[in-house]
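Single-structure report; data block below.
Order of the sequence lines sets the chain letters (A, B, ...), proteins ahead of strands, with each chain counted from 1.
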Amino acid sequence: KNQVEQSPQSLIILEGKNCTLQCNYTVSPFSNLRWYKQDTGRGPVSLTIMTFSENTKSNGRYTATLDADTKQSSLHITASQLSDSASYICVVSAGAAGNKLTFGGGTRVLVKP
Amino acid sequence: EADIYQTPRYLVIGTGKKITLECSQTMGHDKMYWYQQDPGMELHLIHYSYGVNSTEKGDLSSESTVSRIRTEHFPLTLESARPSHTSQYLCASSYPGTGDTGELFFGEGSRLTVL
């Protein structure tokens with residue numbers, strides 16, 4: 001059964017600090033992995049996509065990594081801002097066309113001043 | 001910014017009422033989806049469509065129904081709402097065809113409360 005596990009479930013950090021979120025998956029055959037940001041009461045928005053051959057990708061202060069061998073991904077937030085307070089969801093696509101999506105439970109991040 | 005719209009954003013209704021949640025997108029996407037999300041919990045796929053006149057049930061059993069008569073429109077209907085239907089409903093769409101990267105474009109969500 002395809003599964004995506006995220007850790008921690010939640011975390012609190014001080015503004016300006018860095019943090020790293022983890023995503024472990026057992027999805028086959030792997031197509032790609034996306035990180036989404038979901039603000040409270042809003043729909044998720046894609047931050048970055050990782051394909052099999054990519055190890056690292058950045059989007060501003062967000063940097064995602066992928067280790068396809070260990071089936072792990074991380075999302076690193078640098079110099080956190082209050083606007084980074086949100087849920088971060090890891091979504092893994094399976095299948096040749098990437099049509100089968102498996103969602104992680106998300107990590108809720110609260111940035112405090 | 002994604003061009004996908006949901007109405008209403010918030011709805012409070014009594015038990016037994018029939019409701020329709022509207023979802024429209026102007027991106028020409030063939031694939032559309034409905035997800036259900038309880039506060040602080042993960043998203044669960046309840047319906048999806050790969051094109052006009054094509055609808056399928058998702059992973060989570062739902063008493064709702066959907067229709068896809070036009071590419072841009074994917075409404076969700078509850079014939080008789082119950083308190084257990086209280087949740088947030090998120091509509092999404094994605095690029096058509098094989099080899100796509102599977103990015104989902106979400107609407108703002110419809111938060112339903114059934115009393």
Side-chain angles (χ1 to χ4, degrees), chain A residues 1-11 23 25 27 29-54 57 59 64 66 85-110, chain B residues 1-10 21 23-25 27 29-51 54 56 58-60 87-113:
Chain A
K1 179 184 176 182
N2 290 340
Q3 286 187 312
V4 176
E5 302 284 344
Q6 291 188 243
S7 61
Q9 283 191 326
S10 63
L11 72 116
C23 173
Y25 62 92
V27 172
F30 177 85
S31 178
N32 61 70
L33 183 149
R34 280 188 184 276
W35 284 94
Y36 287 83
K37 178 187 179 188
Q38 184 178 22
D39 293 320
T40 301
R42 309 287 291 273
V45 176
S46 178
L47 287 174
T48 185
I49 178 175
M50 305 294 290
T51 58
F52 188 85
S53 59
E54 295 175 309
K57 184 176 286 186
N59 176 5
L66 176 67
S85 294
S87 286
Y88 293 84
I89 304 170
C90 177
V91 183
V92 183
S93 296
N99 287 329
K100 180 64 176 176
L101 302 180
T102 303
F103 284 74
T107 294
R108 287 184 292 282
V109 174
L110 175 62
Chain B
E1 191 165 314
D3 295 320
I4 180 165
Y5 309 100
Q6 291 186 240
T7 58
R9 288 291 314 279
Y10 304 93
L21 304 181
C23 177
S24 295
Q25 50 93 7
M27 296 172 283
H29 291 170
D30 286 337
K31 297 180 181 179
M32 295 190 73
Y33 312 81
W34 276 104
Y35 289 88
Q36 185 173 340
Q37 184 182 34
D38 292 327
M41 304 298 286
E42 64 192 89
L43 282 78
H44 293 282
L45 179 67
I46 52 175
H47 297 283
Y48 62 97
S49 167
Y50 283 173
S54 157
E56 301 288 343
D59 303 322
L60 182 68
S87 188
Q88 170 151 278
Y89 294 85
L90 287 161
C91 180
S93 69
S94 66
Y95 291 117
T98 58
D100 66 338
T101 59
E103 178 176 3
L104 295 172
F105 295 87
F106 285 88
E108 294 293 301
S110 292
R111 182 167 295 282
L112 173 66
T113 301

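Interface remark: A:Arg108 contributes side-chain atoms only to the contact with chain B (heavy atom separation under 4.5 Å). Both the backbone and the side chain of B:Glu108 come within less than 4.5 Å of a heavy atom of chain A. Proximity to chain B (any heavy atom under 4.5 Å) is restricted, for A:Gln38, to the side chain, taken from C-beta onward. With a 4.5 angstrom heavy-atom cutoff, B:Tyr35 touches chain A only via side-chain atoms. For a residue to count as touching a neighbouring chain, one of its non-hydrogen atoms must lie under 4.5 Å from one of that chain's; by this rule B:Gln37 touches chain A with the side chain only.
B:Asp59 contributes atom CG, which lies 9.5 Å from atom CG of A:Leu101 (distance to the nearest 0.5 angstrom). To the nearest 0.5 Å, the span separating OG on A:Ser93 from CD on B:Glu103 amounts to 10.5 Å. B:Arg9 CZ to A:Arg42 CZ: the interatomic distance, rounded to the nearest 0.5 Å, is 6.5 Å.
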Item to complete: Dump the intermediate steps for side-chain contact (heavy atoms from CB on, under 4.5 Å) on B:Leu104 and A:Val91, then the final yes or no.
Response: CA-CA 10 Å; B:Leu104 295 172; A:Val91 183; 5.7 Å; no
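Heavy atoms only, all atoms of each residue included: B:Leu90 and A:Gly43 are closest at CD2-CA, 3.8 Å.
In terms of non-hydrogen atom pairs under 4.5 Å with chain A, the most contact-rich of B:Gly109, B:Pro39, B:Gly107, B:Gly40 is B:Gly40.
A heavy-atom distance below 4.5 Å is not found between the side chains of A:Tyr36 and B:Leu43.
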